[in-house]
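All values below were derived from every heavy atom in this structure, side-chain atoms included, with hydrogens, water molecules and symmetry-related copies excluded.
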Amino acid sequence: MTRQLTRSGSATALATILALTASPLAALAQETQPAPQETPTPAPADADGTTVQLAPAEGPDTPDDATGTAASDPTSDSFAPGTEDQPGALAASEPAEQPQVGSDWPFWGGGPMATRFSPLDQITPDNVDGLEKIWTYRTGDMPSGKTEGKYSPEGTPLKVGDALYICSAMNILSSVDAKTGEERWRYDPKVAPEAIPYGASCRGVAYYKTPDAPDDQACATRIIEGTLDARLVAVDAKTGEPCADFGDNGSVDLWAGIGEKVPGWYAVTAPPAIVRGIAVTGAQVKDGQAEDAPSGVIRGYDAVTGELAWAWDLGNPELTGAPPEGETYTRGTPNMWTQATGDEELGLVYLPLGNSSVDYYAGNRSEAENQWSTSLVALDVTTGKPVWQFQTVRKDVWDYDLGSQATLIDFPGKDGGGTTPAILLPSKQGDIYILDRATGEPLVPIEEITAPKGGVEGDAYADTQPSSGYHTLRKDDLTEADMWGITPLDQLFCRIAFRQAAYDGIYTHPTADRHWIEYPGYNGGSDWGSVAVDTDKGIIVANYNDVPNHNRLIPREEADKRNLKPINEKQNESEGGSKAEGAGDPQAGSPYAIDVNAGWRAPVTGIPCKQPPLGGIRAIDLATGKTLWDRPLGTARRNGPWGIPSFIPLSIGTPNNGGSMVSKGGLIFIAAATDNLIRAIDEKTGETLWSDVLPAGGQANPILYEQDGRDYLVIQAGGHHFMETPVGDYYIAYALPEE
């Protein structure tokens, strides 16, 4: 479908055009209402083009183009837990009872299934317009000095009992009264500004109750967070005091076994997933710096003592504990920077893995990197060994990391044939996959896309890429007619750039002699905000970005002339948060550096080259994968020519960062867009029924909980340097008026 911007003489059209100027990732978008996109009803579940393989006993030997699911045998000799120094996992052998979402919001994803669905129904489409602001809590954590321009908090609080548990951009922990917003305690782990990677972000914390501990025992309940300077920190949920029994007086150093400590290169921004008493964490490894980057090792720690239970080093599967003195975990391997999902019943943890440390060149990658990158991997938490794998991109050279948390569902069988315990996986390229939770087998068709030819690596790329035959958020390929601008000159520039670039649709391979177009760009599709699933009505709610990137590989000689150096070679320089991912990244050790124009913004004006909308939200039938409705997300109120706000309230579709939650009351709550609004959307129709202006950007996931008979909606208004929304330190609660 070709999307064109209608130019007319009406004042409304002119105002809208003027409104759509420079904004995060790209400028904002013209209001359009795309026709609902229907996708095929899934065929009976089978592998359908996906090969199923046993994991190798000694290191990966799967072909580079092996796809789909690789089921591993955790009973083989190579899966024996521990090493001589690490006797084995410390996981509980039996599943523990899990706290449930409802009056509480005890997990980052709401409940243990990570559906972001609340069974509360006090707030409905009929009364939501009566929501009023009840309290505002300010963390006091604002950028200054070395942290100026580097804040992107992205925080989602937990609610357990009568308390909320919050982390700020720089990992300051606090507990506030769920009813009044009054602070009860505060703990500052003292993270240095130099530790900031792309931005100062803490997406949330984990709550853990020590089994059989008396209520008055110190740290009987505890809050555990990962920090930007790569620590796991545990504090008493009641007092905020560090848990003396956890690591070194409440802290575990995650740099152990990683190698030279380079602040900003290795950081934790997501909370650990706690399964069978094991806190499982990965880390964000700053992209694009060097092939010899910190390892993407996944580690499990005893949630009470902080003792290392196991390590999964995908490049050295024989190493199951700490590396020998003087050695490190395998460097440069794919990492998990986003949120894992725990399956307490099966004793599995599901890891959405990213790419290797050099995103846009695959020529120097090991067989292990080719096998595991951009995959969902299920690990057995009692051994730390992989049970199955599903790879969504082969030889990923587009930075299509799996950024979304996977969601556990009961997937309905065809023709009412019962349900299968399943896992729902969104992706940056827009595909939504449904897999068997225990085996990784696809429960929906997996199709094959023939990859275009070309690119600097020629025939070394994968010939085909897997694609979901169930549902995709991806739109039609771009055409020259999709290029536009605020003036005819802008549009002309973008159309010329389109003609000059290499572009053959999705999976166009990287080029160095000219730019190439990556669409969707690396922000999705779906990103870390993930999807919400109404398990009562069987509806998936997915917000998405619809922006391209305009990229070029930079030959090493040119990169050297531009003095593009990796983070470990820079002296007293801190670029945390100072630029977009891929904007002049050195990719040291490979033949090319990389330039990424995220959102493909035109020079001078900063206006996007792609016709709007640039972001949307969609409701999808869980059973069939069919679109129920689809609409732009985000208004033009904060955008105008040369950064001057227009205050035009048109729903035009802006880039968005963060996710939604859905309630039994029939409402979707979401901020995420660049207009500083939180909104309630009718789940049935997609209509916005209520909104409120936040004091800063709402690039975070909201939560819903009940306290003393009243339902509260809470959102962080923290802003985002990359999304160019104003930064703040606010957590805001809304509720209906008391009777």
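Across all non-hydrogen atoms, the minimal contact from Phe390 to Gly440 is CD1-O, 4.3 Å. Considering every non-hydrogen atom in both Ala267 and Ala195, the closest pair reads CB-O, 4.5 Å. A pairwise comparison of heavy atoms in Pro189 and Val233 identifies CB-CG2, 4.5 Å as the closest pair. Across all their heavy atoms, Gly342 and Val275 have their closest contact at CA-CG2, 3.3 Å.
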*Evaluate the criterion side chain to side chain donor-acceptor pair (under 3.5 Å) for residue pair Tyr165 and Ser174; output intermediate values, then yes/no.*
CA-CA 6 Å; Tyr165 299 103; Ser174 57; over 6 Å; no
*Go through Leu379 and Val280 one step at a time and tell me if the side chain to side chain contact (heavy atoms under 4.5 Å, CB included) criterion holds.*
CA-CA 10 Å; Leu379 287 191; Val280 180; 5.6 Å; no
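Side-chain N/O atoms of Tyr730 and Thr139 include no donor and acceptor closer than 3.5 Å. Side-chain N/O atoms of Trp388 and Asp436 include no donor and acceptor closer than 3.5 Å. There is no side-chain donor-acceptor pair under 3.5 Å between Glu291 and Ser357. Using modelled atom types and a 3.5 Å distance limit, the side chains of Thr374 and Asp396 yield a donor-acceptor pair. Residues Asp711 and Tyr705 have side chains that never bring a donor and an acceptor to within less than 3.5 angstrom of each other. Under the 3.5 Å distance criterion, with hydrogens and angles disregarded, no donor-acceptor pair is assigned to the side chains of Thr156 and Asn701.
Among residues at least two apart or in separate chains, side chain to side chain donor-acceptor pair (under 3.5 Å) pairs with a member in residues 206-223 are Arg222-Asp245. Residue pairs satisfying the ring-ring contact (aromatic ring centres under 6.0 Å, His included) criterion with at least one member in residues 175-194, sequence neighbours excluded, are absent. Pairs of residues two or more places apart, or lying in two chains, that qualify as ring-ring contact (aromatic ring centres under 6.0 Å, His included) and include a residue from residues 233-261 are Trp255-Tyr266. Among residues at least two apart or in separate chains, salt bridge (Lys or Arg N to Asp or Glu O under 4.0 Å) pairs with a member in residues 172-184 are Asp162-Arg184, Asp177-Arg184, Lys179-Asp708, Glu183-Arg186.
Remark: Asp236 engages no residue in a salt bridge (charged side-chain N to carboxylate O under 4.0 Å, His left out) (not counting sequence neighbours).
The pair Asp380-Lys385 does not meet the salt-bridge criterion, since no charged nitrogen lies less than 4.0 angstrom from a carboxylate oxygen. Taking the charged nitrogens against the carboxylate oxygens, Arg231 and Asp253 have no contact shorter than 4.0 Å, which rules out a salt bridge.
Side chains of Tyr400 and Asp359 form no contact here, defined as non-hydrogen atoms less than 4.5 Å apart.
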For residues 322-330, please give each side-chain donor-acceptor pair under 3.5 Å, one per line with the distance, not counting sequence neighbours.
residue	atom	partner	partner atom	Å
Tyr329	OH	Gly321	O	2.9
Thr330	OG1	Asp313	OD1	3.0
Thr330	OG1	Asp313	OD2	3.0

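Using a distance-only test at 3.5 Å, with no hydrogens or angles considered, no donor-acceptor pair links the side chain of Gln284 to the main chain of Trp337. Listed for the Arg203 side chain is no donor-acceptor partner under 3.5 Å among the backbone atoms of Pro153. Gln391 places a side-chain N or O within 3.5 Å of a backbone atom of Gln371 that can act as its donor or acceptor partner. With hydrogens and angles ignored, the 3.5 Å screen pairs no side-chain donor or acceptor of Arg437 with any backbone N or O of Leu408.
For the atom pair CG of Leu425 and CD of Gln405, the computed distance is 11.0 Å after rounding to the nearest 0.5 Å.
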